[in-house]
Amino acid sequence: MIVLGIESSCDDTGVALYSSEHGLLAHQVHAQNAIHAPYGGVVPELASRDHIRVALPLIHELLASTGLSPKAIQGVAYTKGPGLAGSLLVGSLLARSLAYAWGCPSIGVHHLEGHLLAPMLENPQPSFPFLGLLVSGGHTLIIAVKALGEYEILGETLDDAVGEAFDKTAKLLGLGYPGGAKLAELAKLFVAPVSGAPALNFPRPMTDRPGLDFSFSGLKTHVAVEFKKQTALLGELPESHKIAIAHAFETAAVDTLLIKIKRALAQTGYTQLVISGGVSANIQLRTKIAELSQHHQICAYFPRFEFCTDNGAMIAYVGCQRLLRGEQDGLDLTIHPRWPLNSL
Ligand SMILES: Nc1ncnc2c1ncn2[C@@H]1O[C@H](COP(=O)(O)OP(=O)(O)OP(=O)(O)O)[C@@H](O)[C@H]1O
Ligand SMILES: [Mg+2]
């Protein structure tokens, strides 16, 4: 079965073709960063308008790149939620229309299920059951993944998502929007504490009590207080000071994730760990998870870098699995801007 996947939950238009026989055939992502950067965050109306502008031409290009005709497509998958209502509507209406025109079924996919199962596009891939750590711009979840569609949330953030904390800290340091990846690049330049100053050590929130929930807004505030303190003393901060702050923030955020993951592995007894979502591209996180997997005989799986953030491939993959199980859309047309993963 060959499935076209369309992702349009936020500010990336992703399209992909996935074959149940041959795996991923092709994919393309159009990012809208340049449109939203001047506003310091995503402007929903501009996001939906840009999805309308680029989605269909992107699908034409995708088909042309594989030499496939629409007749070869046996299903159309799209992101049904959670996400921005306008953006979701553009993708779902386009997907439903194409499926109708091509005479094939369509299927609405949960965006987070897409992220969670993105490592299934790699080789080797995990097998059910496994522990999932989903770390993205909007979510921080520890999930017991028992089977396709069987997800038990073991822990989640009580306030900011970890990706959001990366973005807000990056903004504070003047790195622009979205700044998570840029903050990680800056943190990589760290070699030693600023000469004469004590090493920065930000708190690892909620690790001093039992449980698997997270809270990142306090960490973000800690960084802001330190930044203001240093700025009051020095004025515009030299690069070395920004690097030290970026590194201390990244280390605190990554250590917090590690502490909770170790707990969750001990609690569940799972020996496979899947890390996905935009923050799974973080090199310090990947390095520390690699160390953890060596010491604890755990197999860790990540998506390839381009599939950490939003993409159509993960939607095409999940859509294909669900269509193969006999699921498909009915005649009603709904999107779910809010949609808990454990309600699937
Ligand atoms: N190397 C990196 N280190 C840390 N964070 C990163 C890195 N690369 C990307 N991110 C963060 O990943 C996030 C984007 O990920 P993703 O596209 O999965 O989130 P989203 O789609 O906005 O949110 P959600 O999937 O929860 O709706 C941003 O917050 C970004 O800062
Ligand atoms: Mg996402």
Side-chain angles (χ1 to χ4, degrees), residues 7-14 29-44 46-47 50 82-84 87 111-112 115 118 133-141 156-190 200 202-206 214-228 231 237 239 241-257 275-286 303 305-311:
E7 155 60 33
S8 72
S9 66
C10 190
D11 60 341
D12 292 309
T13 320
V29 178
H30 166 84
Q32 301 179 357
N33 291 345
I35 294 174
H36 304 289
Y39 303 95
V42 176
V43 182
L46 296 183
D50 202 55
L84 299 173
S87 294
H111 180 74
L112 297 183
H115 273 306
L133 173 69
L134 205 165
V135 276
S136 62
H139 297 84
T140 310
L141 296 168
E156 61 191 316
T157 182
L158 305 180
D159 40 56
D160 289 358
V162 64
E164 192 180 349
F166 266 88
D167 289 334
K168 287 178 176 168
T169 306
K171 206 168 176 176
L172 183 79
L173 295 177
L175 302 176
Y177 173 88
K182 287 183 198 148
L183 182 133
E185 284 301 312
L186 194 68
K188 256 195 238 163
L189 303 177
F190 180 81
L200 292 174
F202 293 128
R204 278 66 172 152
M206 291 187 63
F214 300 95
S215 162
F216 286 103
S217 88
L219 172 59
K220 181 194 68 188
T221 309
H222 242 89
V223 180
V225 169
E226 178 63 31
F227 180 80
K228 278 190 195 135
T231 310
L237 290 191
E239 194 72 351
H241 290 61
K242 289 188 184 172
I243 290 171
I245 292 177
H247 178 260
F249 163 78
E250 183 186 62
T251 305
V254 167
D255 283 355
T256 305
L257 295 175
I275 298 103
S276 56
V279 182
S280 69
N282 185 275
I283 298 297
Q284 193 186 149
L285 178 63
R286 286 186 177 230
F305 285 107
E306 61 191 322
F307 295 156
C308 291
T309 43
D310 293 350
N311 64 85

Does Ser9 form a side chain to side chain contact (heavy atoms under 4.5 Å, CB included) with Asp310? I'd like the steps, not just the answer. CA-CA 8 Å; Ser9 66; Asp310 293 350; 3.9 Å; yes

Sub-6.0 Å ring centroid separation between Tyr177 and Tyr39: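 Here the rings of Tyr39 and Tyr177 have centres that are no less than 6.0 Å from each other.
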
If we only count heavy atoms from C-beta on, is the [X] to [Y] side-chain gap below 4.5 Å?
| X | Y | answer |
| --- | --- | --- |
| Ile35 | Asn33 | no |
| Val162 | Thr157 | no |
| Lys220 | Phe166 | no |
| Leu257 | Thr140 | yes |

Quick one: which of Leu219, Thr256, Asp255, Thr251 gives a side chain to side chain contact (heavy atoms under 4.5 Å, CB included) with Phe202?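 It is Leu219; the other options fail the test.
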
Give me the atom names and distance for the closest heavy-atom approach of [X] to [Y].
| X | Y | value |
| --- | --- | --- |
| Ala47 | Leu84 | CB-CD1, 4.5 Å |
| Ala224 | Leu172 | CA-CD2, 3.6 Å |
| Gly180 | Asp167 | N-OD1, 3.0 Å |
| Gln32 | Thr13 | NE2-OG1, 4.2 Å |
| Ala246 | Leu173 | CB-CD1, 4.0 Å |
| Ala161 | His139 | CB-N, 3.4 Å |

Are Glu185 and Lys188 within salt-bridge range, i.e. N to O under 4.0 Å?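 A salt bridge links Glu185 with Lys188.
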
Rounded to the nearest 0.5 Å, how far does NE2 of His222 lie from OG1 of Thr169?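 If I round to the nearest 0.5 Å, the distance is 12.5 Å.
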
Lys168 NZ to Thr221 OG1 distance, which is reported to the nearest 0.5 Å: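 The NZ atom of Lys168 sits 9.0 Å away from the OG1 atom of Thr221.
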
Between [X] and [Y], is there a donor-acceptor pair closer than 3.5 Å when you use the side chain of the first and the backbone of the second?
| X | Y | result |
| --- | --- | --- |
| Asn311 | Thr309 | yes |
| Ser87 | Cys10 | yes |
| His247 | Phe190 | no |
| Asp159 | Phe216 | yes |
| Glu156 | Leu158 | no |
| Ser280 | Gly277 | yes |

Show, in sequence, the C-alpha distance, side-chain angles and deciding distance for Leu186 and Glu239, and conclude whether the side chain to side chain contact (heavy atoms under 4.5 Å, CB included) test is met. CA-CA 9 Å; Leu186 194 68; Glu239 194 72 351; 3.4 Å; yes

For His30, does the NE2 atom have more than 12 heavy-atom neighbours from other residues, nucleotides or ligands under 6.0 Å away?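 Counting neighbours around NE2 of His30, more than 12 heavy atoms of other residues, nucleotides or ligands fall under 6.0 Å, so yes.
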
Could you walk me through whether Phe307 and Val29 pass the side chain to side chain contact (heavy atoms under 4.5 Å, CB included) test, one step at a time? CA-CA 10 Å; Phe307 295 156; Val29 178; over 6 Å; no

For Glu250 and Asn282, test the side chains for any donor-to-acceptor distance below 3.5 angstrom and give the result as yes or no.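 There is such a pair between these side chains.
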
Do Ser217 and Asp160 have side-chain N/O donor and acceptor atoms under 3.5 Å apart?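 There is no such pair between these side chains.
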
Step by step, would you call Ile245 with Val223 a side chain to side chain contact (heavy atoms under 4.5 Å, CB included)? CA-CA 7 Å; Ile245 292 177; Val223 180; 3.6 Å; yes

